[in-house]
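To start, I am sharing the structure in question, which I have written as structure tokens.
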Amino acid sequence: MASQVPPSKNPIPLADRPLPPSAALSEPADYKNTFRGRMTASKFADPCEAASKASLECLERSHYNRDECLDFFAAYRECKGKWIAQRKEDARKGRDTA
């Protein structure tokens, strides 16, 4: 069960803040390899899993203060946008998507 502790409204000290996300988090992994690498086909295979985990870890470190992790959320959104655009382009060109 999820914790009932409310999010922190106080900014965390500069020394304890999470490092900014790396540029690699904005790039999706090759989704074809991501899907092939799983034992079973799943709609939950996510080439942007690294960015997702990084944003959740940032929330944990900042005591769920969302304002401290906005860069991580933006990197995840950018990664997902690139992944969706890549899949659309492959579908448009008739390439195998999985």
Side-chain angles (χ1 to χ4, degrees):
M1 184 168 163
S3 171
Q4 297 298 318
V5 177
S8 173
K9 297 294 182 190
N10 301 326
I12 57 177
L14 188 59
D16 295 336
R17 287 189 183 173
L19 295 174
S22 66
L25 290 179
S26 298
E27 292 296 322
D30 182 14
Y31 71 91
K32 294 176 186 176
N33 289 337
T34 301
F35 289 140
R36 281 189 204 117
R38 299 183 65 86
M39 296 300 278
T40 59
S42 171
K43 65 181 179 180
F44 300 111
D46 186 4
C48 298
E49 186 174 7
S52 173
K53 284 184 179 182
S55 63
L56 291 174
E57 288 172 4
C58 178
L59 283 173
E60 290 273 333
R61 285 193 308 265
S62 66
H63 305 289
Y64 295 92
N65 185 347
R66 290 188 82 248
D67 294 336
E68 300 288 336
C69 301
L70 294 177
D71 293 337
F72 287 91
F73 301 145
Y76 181 64
R77 277 193 309 272
E78 186 176 335
C79 180
K80 287 296 250 191
K82 288 178 181 179
W83 174 41
I84 297 300
Q86 184 182 25
R87 289 198 63 177
K88 284 181 181 179
E89 181 65 24
D90 286 351
R92 190 174 311 124
K93 290 183 178 180
R95 293 186 201 140
D96 184 21
T97 58

Notebook entry, point to check: In Å, rounded to the nearest 0.5 Å, how long is the span from CG of Leu56 to CZ of Arg61?
Noted result: 11.0 Å
Notebook entry, point to check: Got a second to check how far Arg77's CZ is from Phe73's CZ, nearest 0.5 Å?
Noted result: 8.5 Å
Notebook entry, point to check: Do you know the tightest heavy-atom contact between Cys48 and Tyr76?
Noted result: O-CE1, 3.6 Å
Next item on the list: Provide the closest heavy-atom pair for Lys80 versus Asp46 in the form atom of the first, atom of the second, distance.
Entry: NZ-OD1, 3.4 Å
Check: Taking side chain as C-beta onward, heavy atoms only, is Glu57 less than 4.5 Å from Phe72?
Finding: no
Checklist line | Value rounded to 0.5 Å, distance of OG in Ser55 from CG in Asp71 | finding: 12.0 Å
Notebook entry, point to check: With a 4.5 Å limit on heavy-atom distance, are the side chains of Lys82 and Gln86 in contact?
Noted result: no
